[in-house]
2 protein chains.
Amino acid sequence: MNINDISRATLGRLPRYLEFIETSPEVSHGPGARVSSSLIARNLGLGEVLVRKDLSALAGAGRPKTGFDVSDLETALREYIGSDNPTPVIIVGAGRLGTAILNYKGFTGFGVEVVAAFDRSGSKKNDRHIMPLEDMRSYCEKNGIRIAIMAVSDDACQTICDIVIEAGINKILNFSQVRPSVPENVLVEQLNIALSLAALKHSGI
Amino acid sequence: MNINDISRATLGRLPRYLEFIETSPEVSHGPGARVSSSLIARNLGLGEVLVRKDLSALAGAGRPKTGFDVSDLETALREYIGSDNPTPVIIVGAGRLGTAILNYKGFTGFGVEVVAAFDRSGSKKNDRHIMPLEDMRSYCEKNGIRIAIMAVSDDACQTICDIVIEAGINKILNFSQVRPSVPENVLVEQLNIALSLAALKHSGI
DNA sequence: TAGATTGTTAATCGATTAACAATC
DNA sequence: TAGATTGTTAATCGATTAACAATC
């Protein structure tokens, strides 16, 4: 396993590792300080082999008996996640959901940053400036934006999606239940809140 | 494979099957009308064996040459999804995200329904009545609510979670990045928007 | 009968876990 | 050395796909 095939499952755990290493009093930070995968696993409620695999895929081998170098690990985690140099994304659709996401604080730890929001007519909501759709293309070109969050109605989804792609976006996180048809060089990920709820409802407990 | 082990992946496809069957002009609806898994697969962009497995797990065997009975399939899909008799859920936390979800229209097709929202202090937002947290327990007991969506800040997550469980909730869809610790008879599903974005960012295209 | 469509069994693939060998 | 901790290989598990047999 090497750094090029970090799975989504692993990626989801990386910020937890980083946060644990940075904040736990059980982890020391002097030069040469080390941390064991077992310690991390125990605190995060994960299997220790799993942690070991995640970490070694990311930061290279640990050392038997002593564990992983804390400082190397921090650097590698920050580097891979990109928390110091987050990727800019835009939001398209500034209704209630779009505005909520626009003001959401949890993105930085995952290496992304919402830099702008667009809607049919520009406006100003909760201190953040919303730009009109017409400005999206030039904004994205100028700022090299390739990722968009779409929070628009099911009805508008395909139409807006076409515009978004036209603006140079090639990765879309879509909150609509409609799966827009897109050219094959564009990637759409559906985030379906209702499905998560339904799965919960059906999960036997 | 039988109806008791419908996977989450399958569950996510069921509403799409139902919608296709109900709305596609390629599907007729008279008594004895049938539809083939291949037709569904082709239209939804899925493998036909996959569709066949999903459908037969849900509604029992199809018939070679003729396919699946449309009416049986519709009944089974509606029955399993529960769209005619949706499960009530509550929202806890009526900030921007909570309010957005409260007004979200996409739940019915997945067999769930948001029936109330709670926040520290009750209020009225966008025509929907928000109740104070103190009323949650009696409301849930009276209405038999066992599922909650938590849309509160990371800081408040554990505190509110305890209150939610106290109110009789045993399944929680949590938008916070904090994973609350809960008794083992309570199920928490994390829905992490930032992770979805990060995964998209790292997906090679 | 022939052909469309299904069901079944085995193969693949990815993620996780278990068992054990290696090493500092 | 002994023991803590790692890495590696094989097993498991779930979802999907491929190949093929069954049947109306």
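Below, chain A is the first sequence line, B the second, and so on; all start at residue 1.
In this structure, CG of L11(A) is placed 15 Å from C1' of dA15(C), rounded to the nearest angstrom. I6(A) has its CD1 atom 11 Å from the P atom of dA15(C), to the nearest Å. To the nearest angstrom, P of dA4(C) lies 15 Å from CG of L39(B).
In this structure a side-chain-to-backbone donor-acceptor pair under 3.5 Å is present from S138(B) to D135(B). Within the 3.5 Å criterion, the main-chain N or O of G111(B) finds a donor-acceptor partner in the side chain of K201(A).
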Between the protein and nucleotides 5-9 of chain D, list every N/O to N/O distance that falls short of 3.5 Å.
from   : atom 1 : to     : atom 2 : distance (Å)
dT5(D) : O4'    : K65(A) : N      : 3.4
dT6(D) : OP1    : S37(A) : N      : 2.7
dT6(D) : OP1    : S37(A) : OG     : 3.1
dT6(D) : OP2    : S37(A) : OG     : 2.7
dT6(D) : OP2    : R52(A) : NH1    : 3.1
dG7(D) : OP1    : G62(A) : N      : 2.6
dT9(D) : O4     : K53(A) : NZ     : 3.4

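Under the rule for a ring-ring contact (aromatic ring centres under 6.0 Å, His included), the partners of F118(A) that lie at least two apart in sequence or sit in another chain are Y139(A).
The closest side-chain heavy-atom distance from I193(B) to S196(B) is not below 4.5 Å.
With salt bridges taken as basic N to acidic carboxylate O contacts below 4.0 Å, none links K53(A) and E48(A). The pair R8(B)-E189(B) meets the salt-bridge criterion, since a charged nitrogen lies less than 4.0 angstrom from a carboxylate oxygen. The pair R78(A)-E22(A) meets the salt-bridge criterion, with a side-chain N (NZ, NE, NH1 or NH2) lying under 4.0 Å from an Asp/Glu carboxylate O.
Within the 4.0 angstrom heavy-atom criterion, only backbone atoms of the sugar-phosphate kind lie near R13(A); the bases stay farther away.
Every stem involving DNA chain C, taken as at least 3 paired positions in a row under the Watson-Crick or G-U wobble test at 3.5 Å, is listed here: C:3-24 with D:3-24.
Within the structure, every side-chain polar atom (N or O) of S7(B) is placed at least 4.0 Å from both OP1 and OP2 of dG14(D).
Taken from CG in N43(B) to OH in Y17(B), the straight-line distance is 12.5 Å, to the nearest 0.5 Å.
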